[in-house]
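For reference, the structure is listed below as structure tokens.
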Amino acid sequence: QVQLVESGGGLVHTGGSLRVSCAASGRTFSSFAMGWFRQAPGKEREFVAAISRSGTTTDYADKVKGRFTISRDNAKNTVYLQMNSLKTEDTAVYYCAAASNIAYYYTSTTARDYPLWGQGTQVTVSS
């Protein structure tokens with residue numbers, strides 16, 4: 001069974017940058033499509049970014065498009081989310097998720113398509 005562990009969260013000022021990582025252990029990492037989701041206090045979990053198993057297809061929520069970049073390093077079993085130009089509304093717990101049943105070149109923006117989840121890492125953006 002794959003285990004996902006996020007890291008890299010923290011406190012940053014508006015306009016700053018942060019990179020969160022998600023390390024996977026267990027089965028072959030390259031066989032999983034990966035996604036990042038976030039949940040702010042009192043709000044529902046929402047899609048942030050996703051990357052296909054191939055690594056060639058990415059997808060972003062409109063809120064973060066142009067500011068965030070998702071990438072993966074299969075040799076390190078890790079997926080990254082580089083966050084630039086951070087805003088206070090980006091404050092949330094960020095979760096990575098994995099799915100082995102999404103076609104090779106495709107992604108999913110739907111949380112229910114991802115059966116595996118990490119424990120989350122807090123990102124706080126202060127003004």
Side-chain angles (χ1 to χ4, degrees):
Q1 180 73 324
V2 171
Q3 292 185 334
L4 304 175
V5 179
E6 299 96 335
S7 61
L11 174 65
V12 64
H13 292 295
T14 53
S17 298
L18 202 62
R19 188 178 78 164
V20 291
S21 304
C22 173
S25 62
R27 289 177 55 193
T28 305
F29 175 73
S30 60
S31 66
F32 290 87
M34 302 297 297
W36 283 98
F37 293 78
R38 68 186 183 186
Q39 188 167 18
K43 296 187 177 180
E44 294 187 352
R45 189 170 298 190
E46 64 177 0
F47 168 74
V48 176
I51 188 166
S52 62
R53 286 191 279 152
S54 68
T56 58
T57 303
T58 56
D59 203 356
Y60 296 92
D62 288 342
K63 294 179 182 180
V64 307
K65 203 169 291 184
R67 299 189 297 122
F68 290 11
T69 302
I70 188 171
S71 62
R72 65 188 299 158
D73 185 339
N74 288 343
K76 295 183 178 180
N77 286 2
T78 302
V79 62
Y80 304 97
L81 185 67
Q82 176 67 43
M83 302 181 289
N84 299 328
S85 303
L86 282 161
K87 305 175 181 180
T88 55
E89 52 263 44
D90 294 319
T91 295
V93 177
Y94 283 71
Y95 299 90
C96 71
S100 61
N101 57 345
I102 297 174
Y104 188 68
Y105 291 107
Y106 290 82
T107 65
S108 174
T109 64
T110 305
R112 63 176 178 268
D113 288 339
Y114 294 87
L116 301 174
W117 292 79
Q119 84 289 348
T121 185
Q122 176 70 47
V123 172
T124 303
V125 185
S126 66
S127 59

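These values consider heavy atoms only, across backbone and side chains, with no hydrogens, waters or symmetry-generated copies.
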Would you say the side chain of [Y] lies within less than 4.5 Å of the side chain of [X], judging by non-hydrogen atoms?
X: Y94; Y: C22; answer: no
X: T107; Y: T58; answer: no
X: Q39; Y: Y95; answer: yes
X: I102; Y: F32; answer: no
X: L81; Y: F68; answer: yes
X: L4; Y: M34; answer: yes
X: T91; Y: Q122; answer: yes
X: R72; Y: N74; answer: yes

Taking only distance into account, with no hydrogens and no angle test, what donor-acceptor pairs under 3.5 Å do side-chain atoms of residues 9-16 form with protein atoms, sequence neighbours excluded?
residue, atom, partner, partner atom, Å
H13, ND1, S126, OG, 3.1

Atom pair [atom1]/[atom2] of [X] and [Y] - distance to nearest 0.5 Å:
X: Y105; Y: T56; atom1: OH; atom2: OG1; value: 6.0 Å
X: S30; Y: R53; atom1: OG; atom2: CZ; value: 8.5 Å
X: Y114; Y: T109; atom1: OH; atom2: OG1; value: 7.5 Å
X: D59; Y: I51; atom1: CG; atom2: CD1; value: 11.0 Å
X: T121; Y: R38; atom1: OG1; atom2: CZ; value: 14.0 Å

Other residues, nucleotides and ligands only: do more than 12 of their heavy atoms fall within 6.0 Å of [atom1] on [X]?
X: Q3; atom1: CD; answer: no
X: K43; atom1: NZ; answer: no
X: E44; atom1: CD; answer: no

Can you see which heavy atom on [X] is nearest to which on [Y], and at what distance?
X: D113; Y: N101; result: O-OD1, 3.8 Å
X: A50; Y: S108; result: CB-O, 3.6 Å
X: S17; Y: S85; result: OG-N, 4.4 Å
X: A98; Y: P115; result: O-CD, 3.3 Å

**Report entry** Donor-acceptor side-chain pairing of S52 and S54 below 3.5 angstrom
**Finding:** yes
Are [Y] and [X] linked, directly or through intermediate hydrophobic residues, by side-chain heavy-atom contacts shorter than 4.5 Å (ILVMFWY only)?
X: F37; Y: L86; value: no
X: V20; Y: F47; value: no
X: L116; Y: F29; value: yes
X: I70; Y: V2; value: yes

Query - Lys/Arg N to Asp/Glu carboxylate O, K87 vs D90, below 4.0 Å - result: no
Requested in this report: Salt-bridge test for E46 and K63: reply yes if a basic N is under 4.0 Å from a carboxylate O, no otherwise.
Outcome: yes
Requested in this report: Walk me through it: do Y60 and R67 pass the test side chain to side chain contact (heavy atoms under 4.5 Å, CB included)?
Outcome: CA-CA 10 Å; Y60 296 92; R67 299 189 297 122; over 6 Å; no
Requested in this report: Using the six-membered ring of Y80, assess whether NZ or CZ of R19 lies under 6.0 Å from its centre and within 45 degrees of the ring axis.
Outcome: yes
Query raised in the report: Has the side chain of Q119 got a donor or acceptor atom that lies under 3.5 Å from a matching backbone atom of V5?
Result: no
Query raised in the report: Passes side chain to side chain contact (heavy atoms under 4.5 Å, CB included), W36 versus M83? Steps please.
Result: CA-CA 12 Å; W36 283 98; M83 302 181 289; over 6 Å; no
